Amino acid sequence: MRYWLFKSEPDEYSIEDLQQSAQQGTCWFGIRNYQARNFLRDELQQGDQLFFYHSSCKQPAIVGTASIISHSYPDPTAYDPQSSYFDIKSTPEQPRWFATDIQWRSTFHQPVTLAAMKQHPALNGMFLIKKGNRLSIQPVSEAEWRLINALGEAS
DNA sequence: GCCAACGTTGGC
DNA sequence: GCCAACGTTGGC
């Protein structure tokens with residue numbers, strides 16, 4: 001089992017939206033970056049867990065957790081000419097982009113803000129903290145997973 | 001709104 | 001295969 005961090009703009013899709021769809025899960029689509037795609041296609045496994053991160057908002061923060069509930073599969077929006085994620089070079093024979101299903105698991109009692117993570121010495125090496133990293137899907141170590149969960153559950 | 005840090009594209 | 005120009009992300 002591995003740990004990940006997924007970014008989402010709360011205006012587009014927030015942890016509240018994720019929680020409301022907890023029964024059926026949520027299709028996570030629209031990843032259009034090759035490095036993120038490779039993680040999604042090659043390394044994410046059913047049962048993995050992830051931090052849900054709110055980006056491009058007032059208080060960028062990890063706000064909760066979710067789990068991967070499917071294998072990765074070709075991103076249907078890449079085939080849809082009506083979709084802004086349409087990519088003519090992605091075909092059913094050779095899909096270029098992938099999606100997966102995730103399911104809400106927890107909302108943190110206290111969001112763990114980017115500022116707090118930057119200040120925490122133990123999180124210096126975090127993918128998210130490394131300068132200029134903008135990946136929308138990125139790996140998280142087990143130590144980081146434990147620490148941030150503890151920070152988020154603390155009141 | 002600004003801008004740094006990437007990623008992508010395309011000419012050569 | 002290089003690299004300049006351009007586009008995007010996302011914190012501030």
Side-chain angles (χ1 to χ4, degrees), chain A residues 2-21 26-44 48-68 72-102 104-141 143-145 147-154:
Chain A
R2 294 187 62 181
Y3 303 101
W4 306 95
L5 182 147
F6 279 33
K7 289 185 189 173
S8 184
E9 300 187 15
D11 288 347
E12 299 285 323
Y13 201 86
S14 71
I15 188 83
E16 288 81 14
D17 297 323
L18 190 68
Q19 182 172 10
Q20 276 173 18
S21 303
T26 296
C27 171
W28 206 251
F29 62 89
I31 303 298
R32 295 294 181 270
N33 168 284
Y34 287 105
Q35 202 181 347
R37 188 279 310 268
N38 291 346
F39 283 135
L40 179 54
R41 185 190 58 187
D42 305 332
E43 300 194 44
L44 259 79
D48 285 357
Q49 293 185 266
L50 62 96
F51 284 135
F52 198 76
Y53 176 87
H54 282 174
S55 70
S56 293
C57 57
K58 269 197 172 176
Q59 187 180 258
I62 293 174
V63 292
T65 67
S67 50
I68 310 287
S72 64
Y73 51 89
D75 184 339
T77 63
Y79 305 145
D80 177 7
Q82 305 293 93
S83 169
S84 58
Y85 294 112
F86 177 67
D87 183 349
I88 200 165
K89 291 179 179 167
S90 190
T91 64
E93 293 72 33
Q94 264 197 317
R96 174 180 287 198
W97 306 114
F98 289 79
T100 192
D101 292 337
I102 69 175
W104 176 86
R105 281 182 73 97
S106 72
T107 298
F108 281 168
H109 197 261
Q110 180 130 340
V112 179
T113 65
L114 178 61
M117 288 186 277
K118 279 182 171 172
Q119 282 175 1
H120 206 297
L123 299 177
N124 275 347
M126 238 190 131
F127 222 100
L128 187 71
I129 306 307
K130 284 180 195 162
K131 211 178 176 188
N133 175 59
R134 300 171 305 157
L135 264 194
S136 55
I137 292 181
Q138 49 184 266
V140 169
S141 77
E144 291 158 357
W145 179 263
L147 173 56
I148 291 168
N149 263 291
L151 294 173
E153 298 305 335

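Every chain is numbered from 1 and lettered A, B, ... according to where its sequence line falls, protein lines coming before strand lines. In this text, all values refer to a predicted model and were calculated from it rather than measured experimentally.
- A search for side-chain contact (heavy atoms from CB on, under 4.5 Å) contacts involving A/R96 returns A/Y34, A/R37, A/D87, A/K89, A/S90, not counting sequence neighbours.
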How does protein contact run along nucleotides 5-12 of chain C, one letter per nucleotide 5' to 3', with B for base contact, S for sugar-phosphate only, - for none, heavy atoms under 4.0 Å?
-> ---BBBSS
Show your working on ring-ring contact (aromatic ring centres under 6.0 Å, His included) between A/W145 and A/F51 and close with a plain yes or no.
-> CA-CA 8 Å; A/W145 179 263; A/F51 284 135; 4.2 Å; yes
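- When the shell of 6.0 Å around CZ of A/F108 is examined, it contains more than 12 heavy atoms from other residues, nucleotides or ligands.
- Between A/W28 and A/Y13, the ring planes lie perpendicular to each other; the angle is over 60°, past the 30° to 60° tilted range.
- Take A/T91 and apply the side chain to side chain donor-acceptor pair (under 3.5 Å) test, not counting sequence neighbours, and it matches no residue.
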